[in-house]
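Here's the structure we're looking at; comments come further down.
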Amino acid sequence: YILGGVGLLFYTATTVVETVVVGELAEELGLRRSSRKVRRMNQHIVICGYGRVGREVAHELTSRNGTFVIIDRNEHTLATVDHPGAVVVRGDATEEDTLRAAGIDRARAMIAAADSDVENTYMVLTARALNPSLFIVARAGSDSAERRLSSAGADRVISPYRIGGRRMALSAVQPMLIDFVDTLSAGG
């Protein structure tokens, strides 16, 4: 029993160590592969936040053959990215190192699409400091956030709630206009 128990203990310890080491090594190799891809990118778009809005942005950029990098903190969220050519960077987009890892200095645009107005404001401030010529589009959840994001350096501030409300009202009042705009948008 003692020999069997010791053998089982060593086998379990070896399996655990192998899983941890191989998993970390695979993650490190994946991060290095992403890093290499980002270094080759130029004039790309950086999407900060891969929630509901970020997913739609990525979908639209994919349909228009855009090159982009997605930044998000959540590893499980990034595992769901299925856009061909998209490069993912795991990290906090309010941090300079994370934005640099996404190639912010060579990017043509950044989209701050996090759910938090505060985070989006910090993203805009940090990105503007790193790349003064960057075109920045930011998501805002309130009127005061829109003003704050503009003051922080965002070139365009978008309120999904305002746009959604207008679109719903127009769909009820002028549905043909919405169909016409959608047809034009799909063709461009």
Side-chain angles (χ1 to χ4, degrees), residues 19 21-116 119-120 122-124 126-128 130-131 133-141 149 153-161 163-164 167 178-188:
T19 302
V21 169
V22 170
E24 288 178 6
L25 181 62
E27 182 179 325
E28 184 67 26
L29 289 173
L31 291 175
R32 284 194 180 140
R33 203 172 305 125
S34 291
S35 174
R36 219 173 310 138
K37 287 180 183 176
V38 170
R39 279 195 301 267
R40 289 190 299 244
M41 296 176 93
N42 204 13
Q43 296 297 304
H44 58 286
I45 297 172
V46 177
I47 303 171
C48 301
Y50 194 65
R52 293 175 293 183
V53 173
R55 286 180 205 281
E56 287 301 316
V57 170
H59 176 71
E60 189 63 32
L61 291 175
T62 298
S63 72
R64 296 173 186 272
N65 297 320
T67 57
F68 56 96
V69 176
I70 299 169
I71 301 174
D72 201 285
R73 284 189 196 119
N74 190 321
E75 184 176 332
H76 299 293
T77 300
L78 290 176
T80 65
V81 173
D82 62 350
H83 304 283
V87 179
V88 298
V89 172
R90 186 169 153 240
D92 183 351
T94 64
E95 299 289 331
E96 289 182 10
D97 291 341
T98 303
L99 290 173
R100 282 191 182 107
I104 201 75
D105 56 321
R106 297 178 316 282
R108 69 178 164 117
M110 182 190 88
I111 299 173
D115 291 337
S116 164
E119 282 186 54
N120 286 335
Y122 280 115
M123 288 176 203
V124 170
T126 307
R128 180 62 67 212
L130 294 173
N131 185 347
S133 64
L134 185 69
F135 188 81
I136 300 175
V137 180
R139 172 191 178 174
L149 285 160
D155 296 294
R156 298 278 190 286
V157 179
I158 307 294
S159 171
Y161 305 112
I163 290 173
R167 185 172 173 92
I178 295 296
D179 292 343
F180 177 72
V181 170
D182 285 346
T183 302
L184 287 177
S185 178

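Listed for the Thr67 side chain is no donor-acceptor partner under 3.5 Å among the backbone atoms of His44. Counting only distance, with no hydrogens or angles, the side chain of Asn120 and the backbone of Ala138 share no donor-acceptor pair below 3.5 Å. A donor-acceptor pair under 3.5 Å is formed between the side chain of Arg106 and the backbone N or O of Met41. Although no hydrogens or angles enter the test, the distance criterion places a donor-acceptor pair under 3.5 Å between the side chain of Thr98 and the main chain of Asp92.
Distance check: Ile104 CD1 to Leu130 CG gives 7.0 Å after rounding to the nearest 0.5 Å. Between Arg52 atom CZ and Arg139 atom CZ the span is 6.5 Å, to the nearest 0.5 Å. Distance check: Asn74 CG to Arg90 CZ gives 8.5 Å after rounding to the nearest 0.5 Å. Interatomic distance, OH of Tyr122 versus OG of Ser116, reported as 10.0 Å (0.5 Å rounding). With values rounded to the nearest 0.5 angstrom, Glu95 atom CD is found 7.5 Å from Thr126 atom OG1. Here Tyr50 contributes atom OH and Glu56 contributes atom CD; the two are 9.5 Å apart, rounded to the nearest 0.5 Å.
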- Task: Could you give me the CA-CA distance, side-chain angles and deciding distance for Arg128 and Asp155, then say whether salt bridge (charged side-chain N to carboxylate O under 4.0 Å, His left out) is met?
- Result: CA-CA 10 Å; Arg128 180 62 67 212; Asp155 296 294; 3.1 Å; yes
- Message: side-chain contact (heavy atoms from CB on, under 4.5 Å), that's the test. Do Val53 and Ile111 meet it? Break it down for me.
- Response: CA-CA 10 Å; Val53 173; Ile111 299 173; 5.9 Å; no
- Query: Run the side-chain contact (heavy atoms from CB on, under 4.5 Å) check on Glu75 and Val88 step by step: do they pass?
  - Reply: CA-CA 10 Å; Glu75 184 176 332; Val88 298; over 6 Å; no
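Across all their heavy atoms, Arg108 and Ile45 have their closest contact at NH2-CD1, 3.6 Å. Nearest heavy-atom pair across Ala107 and Leu134 is O-CD1, 3.5 Å.
With hydrogens and angles left out, the side-chain atoms of Ser133 and Asn131 include a donor and acceptor closer than 3.5 Å.
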